[in-house]
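First comes the structure, then the notes that go with it.
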Number of protein chains: 2
Amino acid sequence: MSASGDPVSATPPGKATIRDVARLAGVSHSAVSKVIRNAYGVSPGMRERVTAAIDALDYRPSATARAMRGSGFTIGLEMPSDSNPFFNVLIGGAMAALADSPYQLVVAPAMSADALEFRALEALADRQVDGLVAISPLVGTAWLARLSRQMPIVMLGRHDESAAYDTLASDDALGTRLVMEHLRDLGHRRIAHLTHGAAVTAAGSLTPHAVRYEAYHAAMAAAGLDRSARVIRTGANDDEAYATTMTLLRDARQSGDELPTAIFAGNDSIALGVQRAILDSGLTHDDISLASYDGIPMTAHPAVSLTTVDQRGHEMGATAVTLLLERLAGRTESKQLLIEPRLRVGTSTRPPRS
Amino acid sequence: MSASGDPVSATPPGKATIRDVARLAGVSHSAVSKVIRNAYGVSPGMRERVTAAIDALDYRPSATARAMRGSGFTIGLEMPSDSNPFFNVLIGGAMAALADSPYQLVVAPAMSADALEFRALEALADRQVDGLVAISPLVGTAWLARLSRQMPIVMLGRHDESAAYDTLASDDALGTRLVMEHLRDLGHRRIAHLTHGAAVTAAGSLTPHAVRYEAYHAAMAAAGLDRSARVIRTGANDDEAYATTMTLLRDARQSGDELPTAIFAGNDSIALGVQRAILDSGLTHDDISLASYDGIPMTAHPAVSLTTVDQRGHEMGATAVTLLLERLAGRTESKQLLIEPRLRVGTSTRPPRS
DNA sequence: ATGAAAGCGCTAACAC
DNA sequence: GTGTTAGCGCTTTCAT
């Protein structure tokens, strides 16, 4: 009939408090607390009456109140809000790992401006989450170390090492080597690297893009191609990558300069912008090969078919959560994990012309 | 040098409480409370000393504690976690609308199983968010009405009308009419509709997919094509749409039955799966035209170029938040808004063969 | 204008 | 095994 039915059978969260339950069950409110926490010292009889009262009243403990004293069973995930599909993959992995736990995942999207990067992290901390998974390449280690005194933290995509928090990253050096060798094997020599702004790739900053940047140079050097190395900077999303590439192509046309025969893009999001620009310019990957990093689902689309390094985001998200659960269960020494990436070859990389 | 620097200038949330601030400023803690709330009754002198103490201690009020008594300045956004990129667009809009407000957005991804759809909603309610924006087509209106007694709610993509909560949706009937007329004008007669399972399109359920489903039939009827109407069901993501389409194509090949000349997919995510299947089968859009709904960024990629109905997700996300802020500011009558969609024609729709 | 006191819904000692 | 009690860090009357 109309939508006023109740397709999903459940009752909405009520206003009942722990005391209401206690009253109905004829016990003290701390007894109820013990029951909902599965704490030690409750007789089967009491547990039963309390349980009955709980669902008679549709009682749900306030996560807010619990968080103030003990745990609110909440895990916070902070990530850029720039809609890079890779983050969706991460979320999927995190959700999967959390499915059978009592914890709830809440995601705080961060505005991408550098100075604002830590706001979402603070917001999550203010909300007393039990633990934090975060992607904040630019936030300082000292700041994180201090935050980690309040709650366990797992940082994604950082290659730094801290006793205070865990890190989990793709082996970006290896991944980059895989693409670069692939391009070299195809015969490319003028391989450009299109990446983010200098802030993100600063030497020693140990962000994924910084590591890829250095590995790119190392690979060029190893192949004796130092002289052909060329780094092009662009913004954070595919639209900016599109614009940057358009400019690159136009400039080359006007000046007659040689274009690179291959571009290694810092990530898939950038690469999709580059691909759009290449196609919109009437060129194909016979003119310019394109490879990148991440392995988002879209790269496997036959019309896109991007050669990319799959950094296995699903596993990464799941592992991050697992690390956090370990911490929550008592682990105190920090861990640094590296996930081995895999090259996935598509039709966007081909032998160079001539 | 090393990553231990502090590129982002800020101090991590400290452990200081409102009492610490009060002590340092030599005032009562309730005075501090008044200052941080901009409440009435604080002398300039006191405000100044308190403010000084606040940033001397790096004090940040606990959102958790605030939520228990007043407002925690948190807005909850519940959405499916099936990684449909359209939801990223929505988040972007919501973030933009919230940028200059004191509210923080937290997203709770919901597991897609029908019976689990309301879990994320409950989780957010348990966390005492100030208001809720949600995409839960299947949750009953009665359930929502009850939840709305605890906090204001804005439901996205629902065409039902409730005095309890606001609704905001694309004009799905209009959007569907736009695509169907486009296909008809191209000369198509055998137009199939590929959509979700029957639960989501049940008559009168007033979900976006139900409305599109009915508008599809209405359009076919209006064009005198009732006999050619054909609805194909598939799962929630592009992989399932891919598999469904592959089966469709194989069956047609084996049985010799006629394929539709055009497919109207329930959303872009489904459509991308269909497109993959078409291309992987060695067919093109000259064989089967393809149109869909949503207008996610990827559809504009030249190698994809999907004809789709742009439902303006960014505006939708922003408007949803605005509605919520209005509620938070005191509005009590409910509102129902419809956003006018726009057809965006790509190369995936062409005249039929023959 | 300021502060004392009550209490939000819980958890966790600690009594009994 | 069960209940009493004391907070967690705030907001919010209500005296002063």
Side-chain angles (χ1 to χ4, degrees), chain A residues 13-51 53-54 57-74 102 122 125-130 150-151 328, chain B residues 13-51 53-54 57-74 102 122-123 125-130 150-151:
Chain A
K15 298 224 53 155
T17 77
I18 201 172
R19 281 167 215 277
D20 297 324
V21 175
R23 201 172 307 125
L24 181 60
V27 299
S28 75
H29 78 273
S30 58
V32 178
S33 175
K34 281 170 187 155
V35 169
I36 65 182
R37 282 178 294 139
N38 280 311
Y40 179 81
V42 273
S43 65
M46 163 171 276
R47 153 161 277 109
E48 197 185 341
R49 279 159 49 220
V50 168
T51 311
I54 284 179
L57 294 178
D58 254 321
Y59 166 73
R60 298 182 55 86
S62 156
T64 309
R66 302 183 88 169
M68 286 197 63
R69 278 315 244 129
S71 159
F73 295 102
T74 308
E122 283 181 330
D126 293 344
R127 278 154 190 80
Q128 311 261 102
V129 296
D130 297 311
Q150 287 178 62
M151 59 192 60
L328 258 12
Chain B
K15 299 223 55 160
T17 77
I18 201 172
R19 281 167 217 279
D20 297 325
V21 175
R23 202 172 307 123
L24 181 59
V27 298
S28 76
H29 77 274
S30 56
V32 177
S33 175
K34 281 171 187 152
V35 170
I36 64 182
R37 282 177 296 136
N38 280 310
Y40 179 81
V42 273
S43 65
M46 165 171 274
R47 153 161 278 108
E48 196 184 341
R49 277 157 51 219
V50 168
T51 311
I54 284 180
L57 294 178
D58 253 321
Y59 166 74
R60 296 182 57 85
S62 155
T64 308
R66 302 184 85 167
M68 285 196 64
R69 286 306 258 134
S71 158
F73 295 102
T74 308
E122 284 181 329
D126 293 344
R127 279 154 189 80
Q128 312 262 101
V129 297
D130 297 310
Q150 288 177 61
M151 58 191 61

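The chains referred to below are lettered A, B, ... by the order of the sequence lines, with proteins before strands, and numbering in each begins at 1. Owing to the predicted nature of the structure, the values given are computational and were not obtained by experimental measurement.
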Original post:
If you check the S30(B) side chain, which of dC10(C), dC10(D), dT12(D) turns out closest?
Top reply: dT12(D)
Original post:
To the side chain of M68(B), which of dG1(D), dG9(D), dT2(C) is closest?
Top reply: dG9(D)
Subject >> Gap separating the CZ atom of R49(A) from the OG atom of S43(A), nearest 0.5 angstrom >> reply: 7.5 Å
**OP:** Look up atom CE in M68(A) and atom OG in S62(A), then write down how far apart they are to the nearest 0.5 Å.
**Re:** 10.0 Å
Subject >> Test applied, side chain to side chain contact (heavy atoms under 4.5 Å, CB included); reference residue, I54(A); option that passes from D58(A), V50(A), L57(A) >> reply: V50(A)
**OP:** Look at the side chain of H29(A) against the base of dT11(C) and say whether a donor-acceptor pair falls under 3.5 Å; ignore hydrogens and angles.
**Re:** yes
**OP:** Record whether the side chain of K34(A) comes under 3.5 Å of the base of dG3(D) through a donor-acceptor pair of N or O atoms.
**Re:** yes
Original post:
How sharply is the helix from dA1(C)-dT16(D) to dC16(C)-dG1(D) bent, taking the axes over five pairs at either end and rounding to 10 degrees?
Top reply: 40°
Between [X] and [N], is there a contact of a side-chain N or O with OP1 or OP2 at under 4.0 Å?
{"X": "Y59(A)", "N": "dG9(C)", "answer": "no"}
{"X": "S43(B)", "N": "dT2(C)", "answer": "yes"}
{"X": "T17(A)", "N": "dG9(C)", "answer": "no"}
{"X": "R69(B)", "N": "dA6(C)", "answer": "no"}
{"X": "R60(B)", "N": "dG9(D)", "answer": "no"}
{"X": "R66(B)", "N": "dC10(D)", "answer": "no"}

Subject >> Along DNA chain C (nearest heavy atom to each residue), the more 5'-positioned of F73(A) and P44(B) >> reply: P44(B)
Original post:
Is there a side chain to side chain contact (heavy atoms under 4.5 Å, CB included) between I36(A) and R60(A) once you walk through the steps?
Top reply: CA-CA 10 Å; I36(A) 65 182; R60(A) 298 182 55 86; over 6 Å; no
**OP:** By nearest nucleotide on DNA chain D, pick out whichever of R19(A) and V27(A) is the more 5' one.
**Re:** V27(A)
Subject >> Flag, side chain of R19(B) to backbone of H29(B), donor-acceptor distance under 3.5 Å >> reply: no
Subject >> Heavy-atom closest contact (S71(A) atom, D130(A) atom, distance) >> reply: OG-OD2, 2.9 Å
**OP:** Write down the atom of Y40(A), the atom of K34(A), and the distance for their closest heavy-atom approach.
**Re:** O-CD, 4.3 Å
**OP:** Could you check whether S62(A) gets within reach of a base, just the sugar-phosphate, or nothing at all, counting any heavy atom under 4.0 Å?
**Re:** sugar-phosphate
Original post:
Contact class for S33(B) vs. all strands (heavy atom < 4.0 Å): base, sugar-phosphate, or nothing?
Top reply: base
Specify the separation, in whole Å, of atom [atom1] of [X] and atom [atom2] of [N].
{"X": "R23(A)", "N": "dG9(C)", "atom1": "CZ", "atom2": "P", "result": "11 Å"}
{"X": "I54(B)", "N": "dC10(D)", "atom1": "CD1", "atom2": "C1'", "result": "13 Å"}
{"X": "K15(B)", "N": "dG9(D)", "atom1": "NZ", "atom2": "C1'", "result": "11 Å"}
{"X": "I18(A)", "N": "dT11(C)", "atom1": "CD1", "atom2": "C1'", "result": "8 Å"}
{"X": "I36(B)", "N": "dG9(D)", "atom1": "CD1", "atom2": "P", "result": "13 Å"}
{"X": "N38(A)", "N": "dT11(C)", "atom1": "CG", "atom2": "P", "result": "12 Å"}
{"X": "R127(A)", "N": "dC8(D)", "atom1": "CZ", "atom2": "C1'", "result": "18 Å"}
{"X": "R47(A)", "N": "dT2(D)", "atom1": "CZ", "atom2": "C1'", "result": "14 Å"}

Original post:
Does a donor on one side chain and an acceptor on the other come within less than 3.5 Å for R127(B) and T74(B)?
Top reply: no
